[in-house]
Amino acid sequence: MTHFKDPFNPNIDVWNECGEASESPTDPYAGLSKEDADALKLRAKQSLNAEVGMARALESSVMQGLFKTDISRRAFLRSAGVTGALAAVSTVFPLTSLQAMAEEAMKNLEKTKLTLGFVPITCATPIIGGHALGFYQRYGLDVDIVKTAGWAVSRDKCLNGEYDGSHLLFPMPMAMSLGIGSTAQPWKVVSNVNTNGQAIVLANKHRDNQDPKNWKGFKFAVPFEYSMHNLLLRNYVADAGLDPDRDIQIRVVPPPEMVANLRSENVDGYLAPDPFCQRAVYDQVGFIHKLTLDLWKQHPCCVFGLSEKFITENPNTTMALTTSILEATASAETSEGRVAFAESMAPANYLNQPVEILKQILTGVFPDGQGNIKNVPDRISFMPLPTQTMGTWVLSQLRRWNYIDADTDYATLAEELVMTTTTRERMRAMMAADPNLTFSDAEQDVYAPVDIQGREFAPAAAQQFIDSQPFSRTVG
Amino acid sequence: MVQKIDMRSTLLSLTILFVGVFIWHAATHVPDTGPTGVELSQGEMDTLLGKNMLSEDIEYYATQGVEFAQLEQIASLNLSRSMIEAAGGIQALGISAPDENSAPAPGSLFPSPTQIGKELWATIADPFYVAGTNDMGFGIQMGYSLLRVLIGYSLSAAVAIPLGFLIGMSPMFYKALDPFIQVLKPISPLAWMPIALFTIGDSELSSIFVIFICSLWPMLTNTAFGVANVRSDWVNVARTHELSTTKTALTVILPAAAPTIITGMRISIGIAWLVIVAAEMLVGGTGIGYVVWNEWNGLRLDRMIVAILLIGVVGMLLDAAFARLQRAVAYAE
């Protein structure tokens, strides 16, 4: 991890020649003109690129040669201004060529024209908003995002190379890598594009029947077999004593068709992504029984996935793309960001939904269809770090329901498929470069046990955990 | 006489149209009176004021038709007016649980003819806008669909007509290929699609392939049937004139079988147009089928119906073109 200290910033100590640890200021851009602050912020962004970072180290030594100490450097920058200093110094030393080199390196992307797939749901907020609000362009990428009809088509378009990367469900890169339900092709979970953000919706006629123990014979819809929706719903009904394969029926229905199916009473309910949960309330055909965050706080949902082939062939592009999506994810988590992203995603080009529904979902202030108004700010969260606990849980649950047909070492497999370490390093580097950026999940313990419906799941004991769960297909 | 029948049938068509639209209008028209305000009792006002809700906010919410039960919850949650605005406004937030008295929810009604008319006009007025990869004018989308149909259909004709000739002229080939044709003919385009996506590995080519495979059979069977049923006298005359097989095929059989072949082509273009909508709904991206899917996705029935109407009109034009061609090759014996 490199903490970039810009030698052109008059507010910070760069060289610390006396050896004492100087405190870094809370706002390194305090007291600067907007022009100067913007120039510094741009330089900070550029330095995320490894080669630019090298060039900046050179700059730093040039400046040290000129000023010897931080005190004289800071005095000079204060009197000349940052942009003035950049101009003045470059007349003496070839900083412009360094600058050009820096920009060149930004351009040094293996591939700049990219196609990403997305399914039109609010889980894809960072990927869609990243396009609508121009996050990709900042890193020199020209990204097309293509709306996709459903998860199976999404998977097929990923496997045949039409998409360079895609919005996927957390279990999908795993299923694709293991070749369950498709040909095997190694794909990786790069980052979470959202956490939480789903709900169990029931038809209005079941208002007085909200105990899952009484749901025998219900028909439920989920968007895909290899989805958090399916796994969470199975886990929920199984804990209530129902066998998800025998006592209820779980059908795969593309998200857009869910509301219509609920209206025509083809299904009794669904566990689905928003906006289709809130849409059922808006159209008064159903109500929100439970938000999934009440089953598992900060559970994973959708991810940004890339193929191993793409990552090895395009390391710089991968880095730029990941950085831009992570930045969009962090921005979507802020309270101003939530409103801005909701507004940007409403048009037909993206989600094609009434903007008030999207705002209700992203701000977490919403009617639940049972006459209550709720205020749940983390109804959908944007915590990008995909943890090993998440990966291990998903793999072991796939085994529990026999999608994976033999016991395996889930934790080791998760290490291979979920890019926790790389993504975390990227998040740290981004936070170091831009003090306005925060990832509250960056330093969490990625192996920490989690509470899922009142049971503690520890990744190291995944096999024992699923063996002890009701209706587990691993035993008997 | 013929003119008179024409006039009467036009009149009848128009009457059916007007009656249909009128019934539709009567069944779906809801006068837009705006939100019905709610009267709050003094006690209710006091409760809300006691929970620190501002009196001007209470009045505003009440004019927007939000019931006391909801207002009390908003007050308990300490939601400020600006928080409510950020969450999409009071009207959407105040949607109460439906009961027999509640007004229909926005978007839960079948669109009225006036709404459709408005959307139709908006669509036709601006057919070539591009608002992004996933949102383009209907002219462009229709262009994508027509192009796919054109390519798939031409390829299909290039295979079906020569093959149909071969089958029609040789009873042995006819018998040999018949079982395959009979099995492949009834397969739905939606069944071909996943197989095509998997094997061809390109969604654009896959949709073209599906058009190809589905428009192949009517052309093939009709060509074979037309060729096999050319009056044997004519073929015999050709034989007595010692014409070569190719020459017989081109100068005698082709003109004689042309009306049947064109009928096959007409059936095929209809099928191709049916199939492209299904294929594009499945694959997404571009095309008029994608438009239907995209509006379905946002549950915008009005725009969906507009797209469906336009699909119908284009299908009719394609059919009319072949009907004209059919008249051109018709002959009297």
Top contributor to chain A interface from B/Ala87, B/Gly89, B/Ala69 [non-hydrogen pairs under 4.5 Å] = B/Ala87

ask   = Heavy-atom distance under 4.5 Å to chain B: side chain of A/Phe287, backbone, both or neither?
value = neither

Contact class of A/Val355 relative to chain B, heavy atoms under 4.5 angstrom = neither

request  = Applying side-chain hydrogen bond (donor to acceptor under 3.5 Å, both in side chains), name anything that partners B/Tyr129, two or more places apart in sequence or on another chain.
outcome  = B/Asp135

Residues forming a side-chain hydrogen bond (donor to acceptor under 3.5 Å, both in side chains) with B/Glu72, sequence neighbours excluded = none

query = What heavy-atom pair brings A/Lys359 and B/Glu85 nearest, and what distance separates the two atoms?
reply = NZ-O, 4.0 Å

request  = May I ask you to name which of A/Asn352, A/Leu362, A/Val365 has the most heavy-atom pairs under 4.5 Å with chain B?
outcome  = A/Asn352

ask   = Around atom OH of B/Tyr144, are there more than 12 heavy atoms of other residues, nucleotides or ligands at under 6.0 Å?
value = no

message = Taking side chain as everything from C-beta outward and backbone as N, CA, C, O, which of these in B/Met193 sits under 4.5 Å from a heavy atom of chain A? Side chain, backbone, both or neither.
response = neither

query = Which bit of A/Leu351 is near chain B, if near means a heavy-atom gap under 4.5 Å: side chain, backbone, both or neither?
reply = backbone

remark   = To the nearest 0.5 Å, atom CD1 of A/Ile373 lies from atom CD1 of B/Ile90 at 6.5 Å

ask   = Got a second to check how far A/Asn375's CG is from B/Leu77's CG, nearest 0.5 Å?
value = 5.5 Å

request  = Select one option (side chain, backbone, both, neither) describing which atoms of A/Gln353 are under 4.5 Å from chain B's heavy atoms.
outcome  = side chain

query = Taking atom CG of A/Asn160 and atom OG of B/Ser206, what is their separation to the nearest 0.5 Å?
reply = 7.5 Å

key: Any donor-acceptor pair under 3.5 Å from A/Glu162 side chain to B/Glu204 backbone   = no

ask   = Given that the side chain runs from C-beta out, which part of A/Asn372 has a heavy atom under 4.5 Å from chain B: side chain, backbone, both or neither?
value = both

ask   = How far does NZ of A/Lys147 sit from OH of B/Tyr290, to the nearest 0.5 angstrom?
value = 4.0 Å

query = Side chain, backbone, both or neither: which part of A/Glu257 has an atom under 4.5 Å from a heavy atom of chain B?
reply = both

Per-residue contact mode, B/Ile84 against chain A (heavy atom under 4.5 angstrom) = neither

